[in-house]
Number of protein chains: 2
Amino acid sequence: MQISSRFTVALHIFTCVDTFKDEHKVTSDFLAASINTNPVIIRKILTQLKNAGLINVIRGTGGIELTRDLKDITFYDVYQAIEPLEDGDLFRFHESPNPECPVGRNIHSLLDDKLKSIQEAMESEMKKYTLNDLRSGMQELLANEA
Amino acid sequence: MQISSRFTVALHIFTCVDTFKDEHKVTSDFLAASINTNPVIIRKILTQLKNAGLINVIRGTGGIELTRDLKDITFYDVYQAIEPLEDGDLFRFHESPNPECPVGRNIHSLLDDKLKSIQEAMESEMKKYTLNDLRSGMQELLANEA
DNA sequence: ACCATTGCAACTACATCTGTCACGAAGTAA
DNA sequence: TTACTTCGTGACAGATGTAGTTGCAATGGT
């Protein structure tokens with residue numbers, strides 16, 4: 001299964017907030033236009049980011065403020081906020097292998113640490129990137145455009 | 001989204017084939033009993049593994065034979081056989097960011113390499129484990145049982 | 001009071017996952 | 001040939017998740 005587009009949408013949101021915060025009021029409508037989706041989709045994602053403590057959303061006026069410095073929010077933080085994994089496990093395991101089968105009753109012991117190391121390889125790579133990388137990367141891309 | 005249990009089922013299948021190949025005829029019914037699911041589920045997964053060129057499935061008599069040595073089949077090979085990723089991308093990207101928005105038209109350039117490196121971190125960890133590790137691990141677990 | 005905006009529930013449409021049934025195709029053995 | 005076992009596959013159901021949409025109450029600034 002692919003990781004849902006909510007993750008890339010969330011990164012898009014953060015990039016917009018940083019890029020436009022001094023020029024525009026960054027509302028869910030504004031974001032929806034840039035991302036090309038529905039404002040309600042944006043609000044649902046904003047709610048997830050808010051529940052994870054990454055942002056505050058301002059009602060009435062509209063607008064988004066980060067609760068931490070850009071360099072202190074990693075891709076992993078965003079991923080954790082956005083993707084609800086059952087028990088935190090990337091790999092779904094078949095429910096009830098047969099305990100009367102020698103393989104069935106040992107398959108979890110056999111696989112669990114290996115699956116975990118794969119998941120951790122992915123997550124630790126995610127921790128290498130921060131929102132500050134998005135800022136500097138986008139500034140560079142925009143400079144090349146001009 | 002979690003990775004489907006078909007992946008752990010496939011690893012369970014390979015472990016059973018190796019563990020029981022000299023004692024039992026390893027049929028889809030036999031495997032279904034160990035995994036505690038339906039034989040048709042097993043057959044569908046066997047079809048995927050066969051299409052990927054990892055195994056041959058024998059009709060009539062029943063049975064499964066590997067096309068390569070255990071050490072030459074990695075978790076990644078199994079994962080690729082089992083999980084059909086659209087365009088091979090782990091991360092789904094929102095379809096059509098707005099090209100009139102500076103962020104919208106650059107978001108792909110900004111994110112693509114970062115997402116790819118995360119995916120590759122996971123995949124290269126998967127390549128570290130082979131079916132031979134499953135054999136030796138299971139033999140050790142069974143020895144501890146006795 | 002008015003207005004813009006967020007929060008949220010309800011709903012649709014669609015896809016995927018797991019499981020199940022039915023039946024034809026392939027292969028073995030009497 | 002016939003009988004038997006097993007695989008291959010299409011069709012389907014139920015549960016869950018995704019993405020999108022509508023409507024409206026709640027919030028907060030002017």
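Reminder, nothing fancy here: chain letters follow the sequence lines and each chain counts from 1.
A salt bridge is absent between A:D89 and A:R92; no separation between the charged side-chain nitrogens and carboxylate oxygens falls under 4.0 Å.
At a threshold of 4.0 angstrom between heavy atoms, the contacts of A:V40 include nucleobase atoms, whether or not backbone atoms are also involved. Residue B:L46 is classed as having no contact, given no heavy-atom separation below 4.0 Å to the nucleic acid.
Within the 4.0 Å cut-off from OP1 or OP2 of D:dT5, not a single side-chain nitrogen or oxygen of B:T61 is found. Between A:S28 and the phosphate of C:dT6, there is a side-chain N or O to OP1/OP2 separation shorter than 4.0 Å. Distances shown here put every side-chain N or O of B:T27 at or beyond 4.0 Å from the OP1 or OP2 atom of D:dT6. Between B:T37 and C:dG19, a side-chain N or O to OP1/OP2 separation shorter than 4.0 Å is present.
Between the CG atom of B:N38 and the P atom of D:dA11 there is a distance of 18 Å, given to the nearest Å. As rounded to whole Å, 17 Å separates atom C1' of D:dT18 from atom CZ of B:F93. Between the C1' atom of D:dA15 and the CD atom of A:E86 lies a distance of 13 Å, rounded to the nearest Å. Between the C1' atom of D:dT16 and the CD atom of B:Q2 lies a distance of 12 Å, rounded to the nearest Å. Taking atom CG on B:N56 and atom C1' on C:dG27, their separation rounds to 15 Å, with Å as the unit. If you take CD1 of A:I64 and P of C:dA4, they are 19 Å apart, rounded to a whole angstrom. Following rounding to the nearest Å, A:K25 (NZ) and C:dT6 (C1') show an atom-to-atom distance of 12 Å. Distance CG (B:L85) to P (C:dA15): 18 Å, rounded to an integer number of Å.
Taking only side-chain atoms of A:R6, from C-beta outward, the nucleotide of C:dC8, C:dG19, D:dA19 with the closest atom is D:dA19. The listed nucleotides are C:dC17, C:dT28, D:dA19; the one nearest the side chain of B:R92 is D:dA19.
In this structure, A:E145 places its CD atom where more than 12 heavy-atom neighbours from other residues, nucleotides or ligands lie under 6.0 Å away. In this structure, A:E86 places its CD atom where only 12 or fewer heavy-atom neighbours from other residues, nucleotides or ligands lie under 6.0 Å away.
The aromatic rings of B:F75 and B:Y129 sit tilted, their planes meeting at an angle between 30° and 60°.
Nearest-nucleotide assignment on DNA chain D puts the 5′-proximal partner with B:V57, out of B:E95 and B:V57. Nearer the 5' end of DNA chain C, as judged by each residue's closest nucleotide, is the contact made by A:K44, out of A:M1 and A:K44.
Between the side chain of A:R59 and the base of D:dT27 there is no donor-acceptor pair of N/O atoms closer than 3.5 Å.
Of the possible polar contacts, one joining the B:S136 side chain to the B:N132 backbone as a donor-acceptor pair under 3.5 Å is found.
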